[in-house]
Colleague: 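Okay, here's the structure, questions in a sec.
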Amino acid sequence: QVQLVESGGGLVQAGGSLRLSCAASGRTFSSYAMGWFRQAPGKEREFVAGISWISGSKYNADSVKGRFTISRDNAKNTVYLQMNSLKPEDTAVYYCAARRSTVVTAITAEYDYWGQGTQVTVSS
């Protein structure tokens, strides 16, 4: 059974940084794509960043380019989201997701497994 457990959220001032972690278990993830999504109150869940586990190819949403970086640690089966220069509009619940494909997509419905989410709040 696939389990994704996020951690690292919290309260930070605008301009600050946070690093989110997603610990994955229950599968060999070399044939998976991993994604970070976020959902703010009253808004739809949106793609933030993704990485192909086997190739390491990375993709970012335009809204976070140059500020957020996704990475993975194969030995720890963990995916990270380094978030710098945070803005109040980055406030949301952040979710880790896994897709049974090596291809990253920004489409929420194409991910098969989800974590429980971690809250990120950026104060102005």
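All residue numbers in this chain count up from 1 along the given sequence. Given the structure is predicted, the values throughout are model-derived calculations rather than measurements.
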Colleague: If I compare all heavy atoms of Ala98 with all of Phe29, which pair ends up nearest, and what's the gap?
Modeller: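 Nearest heavy atoms, Ala98 then Phe29: CB-CE2, 4.5 Å.
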Colleague: First locate atom CG of Leu11, then atom CD of Gln119, and finally report the distance between them rounded to the nearest 0.5 Å.
Modeller: 9.5 Å
Colleague: Kindly give the heavy-atom pair with the smallest separation between Val104 and Tyr111, and that separation in Å.
Modeller: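 For Val104 and Tyr111, the tightest heavy-atom pair comes out as CG1-OH, 3.8 Å.
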Colleague: So which atom in Trp53 and which in Val79 form the shortest heavy-atom distance, rounded to 0.1 Å?
Modeller: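 Scanning both residues completely, I find the closest heavy atoms to be CZ3-CG2, 3.2 Å.
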Colleague: Short question: side chain of Asn60, backbone of Phe68 - any donor-acceptor pair under 3.5 Å?
Modeller: yes
Colleague: Using ring pair (Phe, Tyr, Trp, His ring centres under 6.0 Å), reason through Tyr59 and Phe47 one step at a time and then give a plain yes or no.
Modeller: CA-CA 10 Å; Tyr59 304 87; Phe47 175 79; 7.9 Å; no
Colleague: Start with the C-alpha gap between Glu46 and Thr108, add the side-chain angles, then the distance that decides, and say whether side-chain contact (heavy atoms from CB on, under 4.5 Å) holds.
Modeller: CA-CA 7 Å; Glu46 64 174 0; Thr108 306; over 6 Å; no
Colleague: Under the 3.5 angstrom rule, does the side chain of Thr28 hit a backbone N or O of Ser30 as a donor-acceptor pair?
Modeller: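 Looks like no, no N/O pair under 3.5 Å.
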Colleague: Check this for me: does any side-chain nitrogen of one of Lys65 and Asp62 sit under 4.0 Å from a carboxylate oxygen of the other?
Modeller: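 So Lys65 pairs with Asp62 through a salt bridge.
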Colleague: Nearest heavy-atom pair of Asp90 and Val122: which atoms, and what distance?
Modeller: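 Taking every non-hydrogen atom into account, CB-CG2, 4.3 Å.
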Colleague: In this structure, would Met83 and Trp36 fall into the same cluster of hydrophobic residues linked by side-chain contacts under 4.5 Å?
Modeller: yes
Colleague: Kindly say whether Thr69 contributes a backbone atom to a donor-acceptor pair with the side chain of Lys58 at under 3.5 angstrom?
Modeller: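 Checking the backbone N and O of Thr69 against the side chain of Lys58, no donor-acceptor pair under 3.5 Å is found.
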Colleague: When you measure from the side chain of Tyr113 to the backbone of Gln1, do you find a donor-acceptor pair of N or O atoms at a distance under 3.5 Å?
Modeller: no
Colleague: Could you tell me whether the side chain of Ser57 and the main chain of Ser55 form a donor-acceptor pair under 3.5 Å?
Modeller: no
Colleague: To the nearest 0.5 Å, tell me how far Ser124 OG sits from Glu89 CD.
Modeller: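 Taking OG in Ser124 and CD in Glu89, the distance rounds to 10.0 Å.
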Colleague: With a 4.5 Å limit on heavy-atom distance, are the side chains of Leu20 and Val120 in contact?
Modeller: yes
Colleague: Think Arg27 forms a cation-pi with Tyr32, using NZ or CZ under 6.0 Å from the six-ring centre and within 45 degrees of its axis?
Modeller: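 Cation-pi check for Arg27 and Tyr32: fails.
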Colleague: Just verifying a value: how many Å separate Leu81 CG and Arg19 CZ, rounded to the nearest 0.5 Å?
Modeller: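 Those atoms lie 10.5 Å apart.
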Colleague: How about Arg38 and Tyr94: does a side-chain donor come under 3.5 Å of a side-chain acceptor?
Modeller: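 A donor-acceptor contact under 3.5 Å links the two side chains.
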Colleague: Do the side chains of Trp114 and Cys96 get nearer than 4.5 Å, heavy atoms only?
Modeller: no
Colleague: Roughly how far, to the nearest 0.5 Å, is CZ of Arg67 from CG of Asn84?
Modeller: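 Result: 9.0 Å between the selected atoms.
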Colleague: If you compare all heavy atoms of Ala24 against all heavy atoms of Leu4, which two are closest, and at what distance to 0.1 Å?
Modeller: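 Result for this residue pair: CB-CD2, 3.7 Å.
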Colleague: For a quick test of reading the model, state the closest non-hydrogen atom pair linking Ser52 to Thr102 and the distance between them.
Modeller: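 Heavy-atom minimum between the residues: OG-O, 2.7 Å.
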Colleague: For a 4.5 angstrom cut-off between non-hydrogen side-chain atoms, does Leu86 reach Gln13?
Modeller: no
Colleague: Please check: side-chain N/O of Glu6 versus main-chain N/O of Thr118, any donor-acceptor pairing under 3.5 Å?
Modeller: no
